[in-house]
**Q** 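Following this message is one structure expressed as structure tokens.
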Amino acid sequence: MKKLLNKERRYKSLLKHNLKMKLSLLFIFSMVFMMQANTTFSQKKITLNLNDVTVNFLINEIESKTEYRFVYKLIDVDLNRKISISVIDQPISAVLTKVFEESSTAHNIIESQVFLIEKTTQNSKENDVKAKEKIQESIKGIITDENNNPLIGVSVYNKKTKRGVSTGLDGSFSIITNTEDVLVFSYLGYKTEEILIENQKIINLQMKVDATSLDEIVISTGIFKRKSSSFTGAAVTINKEQIKRAGNANIFQALKNIDPSIAVFDNFDLGSNPNALPEVQIRGASTFPQEDSNLGGSLKGNYIKDPNQPLFILNGFVSSLEQIFDIDINRVESVTLLKDAASKAIYGARAANGVVVIETQSLSNEKVLITYNSSMDLQVPDLTSYNLTNSLQKLEAEKIDGVYTPNLSQPDEYVRLQQLYNARKKLALEGLDTDWIAKPLETGIGQRHSLTAELGGDDLRILTNLSINDVKGVMKGSERKNIAANFTTFYRVKNLSFRNLTSITSNNSKDSPYGDFSEYVKMNPYWRAENIDGSIPFYAEINPDGTRYTNPLYNAGLNSKFESGYFNFINNFYLEWKITPELMATTRVGIDIKYNDADEFNWSVKK
């Protein structure tokens with residue numbers, strides 16, 4: 001019995017040892033097979049003979065002949081690059097190294113997968129460049145003159161982006177730029193400086209006087225002319241080339257873009273109304289209250305005096321804001337801004353707000369000169385800031401806000417509001433979604449033409465100028481049209497010089513019959529602007545209870561008139577007697593005749 005038990009135990013022990021041995025052999029065999037498989041993948045060889053094919057064709061060819069599969073991003077591999085390759089029994093790694101050796105693509109083989117990636121060195125270089133471009137610094141500094149006094153109004157701009165700022169009262173500036181940009185510093189009468197930023201965060205610059213430029217600058221006060229080197233007042237002279245570079249809309253917009261000391265305020269209530277006269281300041285606002293802040297917004301606005309308005313001098317004679325606003329910018333020869341109180345010594349109390357001196361074209365020494373200028377102006381409405389709801393969205397917002405939820409103690413009101421809501425929603429579901437703010441607007445296309453002819457010799461010269469400026473506003477029907485003729489005659493006899501300037505201007509202004517733009521902004525999109533047959537209803541909506549909302553679009557079809565205009569005749573006569581080379585006597589006589597008219601007509605409508 002014991003022997004049988006011992007044999008059975010030995011038999012079971014032998015079975016255990018045999019099982020362990022078999023499992024061990026199976027594991028070893030599997031490892032050897034996996035190692036052999038990996039070796040097989042890495043040592044796989046291929047034969048290729050391709051001429052002038054794309055990289056994309058090569059990848060497809062390798063995948064068709066081997067078990068390798070390529071993984072890559074389209075931005076990392078130039079699949080259209082042409083290559084030629086001829087190999088016999090070469091490892092896949094050697095083939096890929098030869099193909100992508102001179103490209104920005106690298107490869108990495110993991111088992112049967114071939115990963116194509118952008119080379120690390122190239123990647124790091126581009127990342128460094130991008131990082132440098134993205135690094136923006138706030139550059140600050142102070143600009144001074146040769147005596148270390150701060151310079152006000154120095155133009156500081158980025159040479160690459162053309163964006164810039166002006167220095168303040170203490171000569172300081174602050175601008176956001178990239179580290180690789182170049183800052184340009186320019187100021188009238190001083191040399192223009194260019195500085196590479198690199199790692200600088202503070203740039204303090206002492207500008208150098210441009211002696212050549214100062215000798216060329218002449219300050220015209222309207223009474224006399226002086227070189228800037230001998231003029232002690234605070235003045236800036238802007239020539240015609242600078243004005244034309246700054247813009248051709250009107251003289252005020254050009255000056256606003258050139259010199260920060262002249263402030264031209266935008267009237268947001270009037271928008272781009274071509275008949276709105278701007279508000280201009282040089283020495284800031286006074287403490288005197290203005291009864292009507294909407295200057296130029298109506299026909300009466302032309303006759304209201306702005307207490308902060310500077311004095312305007314045109315060819316030595318006092319002129320109005322409207323005359324300067326309508327002047328042909330091609331006729332302007334120079335503009336001088338007299339900023340400080342020294343101008344009061346010339347013009348008295350009228351110069352308390354500063355003086356703007358404008359000189360028109362002068363006679364040249366050419367025998368015959370004919371010039372024609374033409375330009376087109378576009379006034380485009382910008383509605384990107386209006387993010388308005390559609391009809392269904394507006395109804396849902398009103399419902400959430402409780403517009404259609406009355407007090408529970410008023411059952412009749414509940415029924416009325418539900419009827420109103422259902423009626424409006426029915427129209428919205430039927431497709432009624434009125435874009436009210438687009439109804440009164442259009443793209444205004446204006447044009448400007450100017451023809452100048454100069455004839456004569458040294459002793460007698462004649463200059464004539466004919467110009468037409470037709471400005472269209474973005475509100476339908478709004479426009480401002482100026483037709484002007486100017487004649488300048490110069491005659492010299494020995495020490496006497498005679499000069500006569502005659503200017504004739506006809507202006508016609510029309511306001512839009514569509515009314516104020518603010519009326520259209522207040523309208524709801526589920527209200528009807530036009531009937532199905534195309535007619536315009538007087539009411540945009542009539543509620544079940546009889547409440548009515550007027551349609552502002554209705555007034556545009558009533559042939560209403562809102563027109564104004566003027567006819568201006570100006571004749572200025574100058575007599576100069578040159579007694580000695582150092583002494584000269586001047587006499588000036590001027591005539592200014594202006595006729596204004598206005599025509600306003602509204603239909604009387606009873607509904």
Side-chain angles (χ1 to χ4, degrees), residues 267-273 276 294 297-298 381-442 473-478 510-562 600-607:
N267 192 323
F268 294 105
D269 292 333
L270 299 175
S272 62
N273 185 355
N294 192 21
S298 64
D382 182 11
L383 302 178
T384 56
S385 61
Y386 290 91
N387 186 16
L388 305 180
T389 60
N390 57 32
S391 297
L392 292 174
Q393 292 171 344
K394 182 64 186 302
L395 282 172
E396 186 64 22
E398 291 176 343
K399 186 176 181 180
I400 295 173
D401 197 41
V403 175
Y404 305 102
T405 305
N407 195 325
L408 295 177
S409 61
Q410 299 175 332
D412 294 339
E413 184 68 10
Y414 176 80
V415 174
R416 186 189 70 81
L417 292 177
Q418 286 302 308
Q419 290 177 346
L420 177 62
Y421 174 78
N422 292 333
R424 289 175 173 176
K425 189 171 183 179
K426 178 179 180 295
L427 293 175
L429 292 174
E430 290 175 351
L432 180 60
D433 187 17
T434 305
D435 186 8
W436 284 99
I437 61 176
K439 293 296 183 181
L441 301 181
E442 65 178 0
V474 296
M475 289 289 289
K476 293 179 180 178
S478 63
K510 296 181 181 180
D511 288 338
S512 173
Y514 285 77
D516 295 332
F517 180 71
S518 59
E519 296 179 0
Y520 296 85
V521 178
K522 300 174 184 177
M523 302 298 287
N524 288 312
Y526 47 73
W527 288 348
R528 190 180 298 277
E530 299 177 1
N531 293 320
I532 299 176
D533 59 358
S535 61
I536 300 176
F538 184 77
Y539 295 110
E541 183 186 63
I542 302 177
N543 291 342
D545 63 349
T547 305
R548 302 178 179 186
Y549 298 95
T550 306
N551 184 358
L553 201 61
Y554 184 82
N555 296 328
L558 297 178
N559 295 323
S560 301
K561 293 181 64 177
F562 303 94
E600 183 173 346
F601 176 72
N602 286 312
W603 282 88
S604 177
V605 180
K606 293 184 179 181
K607 291 287 181 177

**Q** Heavy atoms, side chains only, cut-off 4.5 Å: are Tyr520 and Leu553 in contact?
**A**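 They are in contact (side-chain heavy atoms under 4.5 Å apart), so the answer is yes.
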**Q** For the CD atom of Glu519 and the CG atom of Asn555, what is their distance to the nearest 0.5 Å?
**A**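 Separation between the atoms: 7.5 Å.
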**Q** Sequence neighbours excluded, which residues qualify as salt bridge (Lys or Arg N to Asp or Glu O under 4.0 Å) partners of Arg528?
**A**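 For Arg528, no residue satisfies salt bridge (Lys or Arg N to Asp or Glu O under 4.0 Å) once neighbours in sequence are set aside.
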**Q** Indicate yes or no for a side-chain donor-acceptor contact from Asp382 to the backbone of Thr384 under 3.5 Å, with no hydrogens or angles considered.
**A** yes
**Q** Using the side-chain contact (heavy atoms from CB on, under 4.5 Å) criterion, which residues pair with Thr550? Sequence neighbours excluded.
**A** Phe538, Tyr539
**Q** Hey, what do you get for CG (Asn390) to CG (Leu432), rounding to the nearest 0.5 Å?
**A** 11.0 Å
**Q** Applying ring pair (Phe, Tyr, Trp, His ring centres under 6.0 Å), name anything that partners Trp527, two or more places apart in sequence or on another chain.
**A** Tyr549
**Q** Can you confirm whether Tyr414 is buried at OH, in the sense that more than 12 heavy atoms of other residues, nucleotides or ligands lie under 6.0 Å from that atom?
**A**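 Counting other residues, nucleotides and ligands, OH of Tyr414 stays at 12 neighbours or fewer.
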**Q** In chain order, what residues pass the salt bridge (Lys or Arg N to Asp or Glu O under 4.0 Å) check against Lys425, with sequence neighbours excluded?
**A** none
**Q** Going from OH on Tyr421 to CD on Glu396, what distance comes out if it is rounded to the nearest 0.5 angstrom?
**A**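 One gets 5.5 Å once the value is rounded to the nearest 0.5 Å.
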**Q** Any chance CG of Asn387 has more than 12 other-residue heavy atoms, nucleotides or ligands included, within less than 6.0 Å?
**A**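 Result for CG/Asn387: open.
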**Q** Applying salt bridge (Lys or Arg N to Asp or Glu O under 4.0 Å), can you list everything that pairs with Glu442, at least two apart in sequence or on another chain?
**A** none
**Q** What are the two closest non-hydrogen atoms of Pro552 and Trp436, and how far apart are they?
**A**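 Taking Pro552 first and Trp436 second, the nearest heavy atoms are CD-CZ3, 4.1 Å.
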**Q** Return yes if some donor-acceptor pair links the side-chain N/O of Ser512 with the main-chain N/O of Ser478 below 3.5 Å, else return no.
**A** no
**Q** Would Met523 and Thr434 count as a side chain to side chain contact (heavy atoms under 4.5 Å, CB included) if you check the C-alpha gap in whole Å, the side-chain angles of each, and the deciding distance to 0.1 Å?
**A** CA-CA 9 Å; Met523 302 298 287; Thr434 305; over 6 Å; no
**Q** Take Leu383 and Leu441 through the test side chain to side chain contact (heavy atoms under 4.5 Å, CB included) and record every step on the way to the result.
**A** CA-CA 10 Å; Leu383 302 178; Leu441 301 181; 3.8 Å; yes
**Q** Once salt bridge (Lys or Arg N to Asp or Glu O under 4.0 Å) is applied, do any residues pair with Lys426, and if so which ones, sequence neighbours excluded?
**A** Glu430
**Q** Ignoring hydrogens, what is the shortest heavy-atom contact between Phe517 and Pro440? Give both atom names and the distance.
**A**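 Reported closest heavy-atom pair: CD1-CG, 4.1 Å.
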